[in-house]
Structures are given as C-alpha cells and as structure tokens.
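Inspection log for the structure reproduced underneath, given as structure tokens.
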Amino acid sequence: MANPIISRAEFTVSNQPLTARGVANKTAFLLAISVISALAFFGYCVSARISYGFINAMSLGSILLAFGLSVFIGFRPHMAKTLAIPFAILEGVVVGAISLFTARLDPSLPVTAMLSTFATGAVMLALYRARVVKVTQKFRSIMVSAILAVMVVYLLQIFLSVFFHNSIPRLFDGGALAIGFSLFVVVLASFSLLLDFDNIERAQAAGVDESYEWVLGVGVLSTLIWMYLEITRLLGYLQD
C-alpha cells in the first residue's frame, strides 16, 4: 500500500527538485515492469501447468517480501532507486498469481479489473485536480488510520491461513459481509490515490530532491496494485 511508504519517508530539499512529470515517468516505468512480471509469471504457470499450491505460496511470499521492502523504503528512502525494480517485480508476481486464480472463474475478470483500476485512477486524478475532494489534515488522518486497520486485517488473515488453514469468519468467504468489506477497501484504495497526488504536489512545491521521485513512484504503484487486487477480489465474489 502506498501511503505508509510515503508517510515514513523523510524528504530532503536540494537544487535538483523533483517534478510531477518525473514521478509520473517513474511510476509508468515501474508499472510496466510489474505488468511484464505478471504476464511472465502467468504465462509460465499456465504453460508449465504449475500447481495452485505453488502459485499460492509464491503469491504469499511475494506479498510479504514486497511489504518488507515497502517498510524498508519508508525508513531508508535513499534506497528507493535501488529497490524499486525488485519491488515492482514482486508486485507483478502477486498480480499474476491473483489473476490466475480469478481467471478460473472467468477469463475476462483480470482484464475487467485492470480496466476498472485505470479508469478509477483517472477519475480520482480528475477529482483531485478539480479540487472536488480536498486533502485536509483530518482527511489524511482518517485515511491513514483506516489503511493501517485494513493492513492489520490482512496480516491477521495471512496468519490464520498459513498457520491454521483458516480464515477470518465471514470476511473473506464471498458472502454479503465479505462483499461489503471488499467494496469498502476498493473505495479506501481509490481515495488513497488522493493522498499520493497530494504528497507529490507538496513535495514538488517544497523543492524535494529528484531522487525521491522513486519513493513517490513506488507509493503510487503500490496503491494501484492494491486497488487492482481488491477490485479483482470483489469481481470474483460477485461472479461466484
């Protein structure tokens, strides 16, 4: 997820400040790497007929490693340029694995989720530029608290699934409560983009060093991947 990465980074000012265009270019580059990684993992698993147990293990391992990298980048933002590509590759593996599982229900689901993600991102950018939704300090505090709460739920779910082969009751079973929770997280991830856009604007106005374009790019990529995964989950629930 994007916001913890950006909120932990301690930006420094220099004579070579970052630009919004630079962040957009870095984000597009990392997104392309994630897409290539996802397609490569997806294609390999299909052609080699890899078991879903192995795919699930790869997905879980990639999620944990990517989360670890995001935390490290938050505390060591100067390492973002070095770690951004490995992070994007890991995120691509997660996307490929989730797409494999949802493609079993309907081959069109991954494509629908991807288009929905980009469409939502474009809408949120338009809303931010039009100042329809203002990123105030109160808004930021509520969003960060909600994001951290969802992260705790995710970690608890991973713990239960790995060690007890179980799940949080009714929250991930595809029922009405699971659909409602997934819809809430999709909305939360969408509004998280507003925080990312505001962080970019603030950093540019403050003259933050251009090396931090990688930090912000990783943050935006994280939010987009998070949004894609939750939209995929939601569509899977509805399809099922």
Side-chain angles (χ1 to χ4, degrees), residues 1-9 11 14 16-43 62-63 65-67 69-70 72-74 77-99 110-130 135 147 186 189-232:
M1 286 174 271
N3 303 296
I5 297 174
I6 296 175
S7 63
R8 291 296 308 177
F11 296 134
S14 76
Q16 294 182 315
L18 63 79
T19 64
R21 181 185 294 273
V23 176
N25 291 338
K26 301 295 191 303
T27 303
F29 173 72
L30 295 175
L31 184 60
I33 291 177
S34 291
V35 171
I36 293 172
S37 174
L39 291 174
F41 185 76
F42 188 100
S62 297
I63 288 174
L65 285 173
F67 178 75
L69 283 181
S70 68
F72 186 81
I73 289 172
H78 63 279
M79 294 293 295
K81 183 176 182 180
T82 302
L83 299 177
I85 293 178
F87 178 84
I89 293 173
L90 289 171
E91 292 280 66
V93 172
V94 176
V95 169
I98 299 301
S99 299
V111 176
T112 302
M114 179 185 67
L115 294 176
S116 300
T117 299
F118 286 123
T120 303
V123 169
M124 299 311 294
L125 178 59
L127 291 176
Y128 179 78
R129 285 183 171 177
V135 181
I147 290 169
V186 168
S190 302
F191 277 88
S192 293
L193 279 175
L194 297 179
L195 295 184
D196 295 339
F197 299 149
D198 188 62
N199 285 325
I200 294 170
E201 189 174 87
R202 287 170 180 244
Q204 180 174 253
V208 172
D209 185 75
E210 65 178 356
S211 64
Y212 286 83
E213 290 176 353
W214 290 102
V215 178
L216 296 166
V218 167
V220 176
L221 174 68
S222 300
T223 303
L224 290 174
I225 298 296
W226 178 31
M227 192 189 308
Y228 170 81
L229 296 179
E230 280 302 328
I231 290 176
T232 301

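Keep in mind that this is a model prediction, so the values were computed, not measured.
- The side chain to side chain donor-acceptor pair (under 3.5 Å) search around Glu213 returns Lys26, not counting sequence neighbours.
- Qualifying side chain to side chain contact (heavy atoms under 4.5 Å, CB included) partners for Ile36, counting only residues two or more places apart in sequence or in other chains: none.
- Of all non-hydrogen atoms in Thr27 and Gly217, the two that sit nearest each other are OG1-CA, 3.3 Å.
- When every heavy atom of Gly96 is checked against every heavy atom of Phe42, the shortest pair comes out as O-CD1, 3.7 Å.
- Among residues at least two apart or in separate chains, there is no salt bridge (charged side-chain N to carboxylate O under 4.0 Å, His left out) pair with a member in residues 114-128.
- With hydrogens and angles disregarded, no donor-acceptor distance shorter than 3.5 Å links the side chain of Asp198 to the backbone of Leu194.
- Checked against side chain to side chain contact (heavy atoms under 4.5 Å, CB included), Ala88 has the following partners two or more places apart in sequence or in another chain: Leu30, Ile33, Ser34, Leu221.
- Ala189 and Thr223 get closest at one heavy-atom pair: O-CG2, 3.4 Å.
- Sorted by first and then second residue, the salt bridge (charged side-chain N to carboxylate O under 4.0 Å, His left out) pairs with a member in residues 27-43 form an empty list; sequence neighbours excluded.
- For Leu127, the side chain to side chain contact (heavy atoms under 4.5 Å, CB included) partners two or more places apart in sequence, or in a different chain, are Val123, Met124, Val132.
- Tyr128 and Phe197 have tilted rings, their planes meeting at an angle from 30° to 60° on a 0 to 90° scale.
- Under the side chain to side chain contact (heavy atoms under 4.5 Å, CB included) criterion, Ala113 pairs with Tyr228, Ile231, Thr232, Leu235, not counting sequence neighbours.
- Side chains of Phe41 and Ser99 form no contact here, defined as non-hydrogen atoms less than 4.5 Å apart.
- Sorted pairs that involve residues 111-123 and meet salt bridge (charged side-chain N to carboxylate O under 4.0 Å, His left out), not counting sequence neighbours, are lacking altogether.
- Residue pairs that meet the salt bridge (charged side-chain N to carboxylate O under 4.0 Å, His left out) test with at least one member in residues 119-128, sequence neighbours left out, do not exist here.
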Identify each donor-acceptor pair in which a side-chain atom of residues 17-24 lies under 3.5 Å from a protein atom, sequence neighbours left out, and give them as a table.
unit_1 : atom_1 : unit_2 : atom_2 : d
Thr19  : OG1    : Gly22  : N      : 2.9

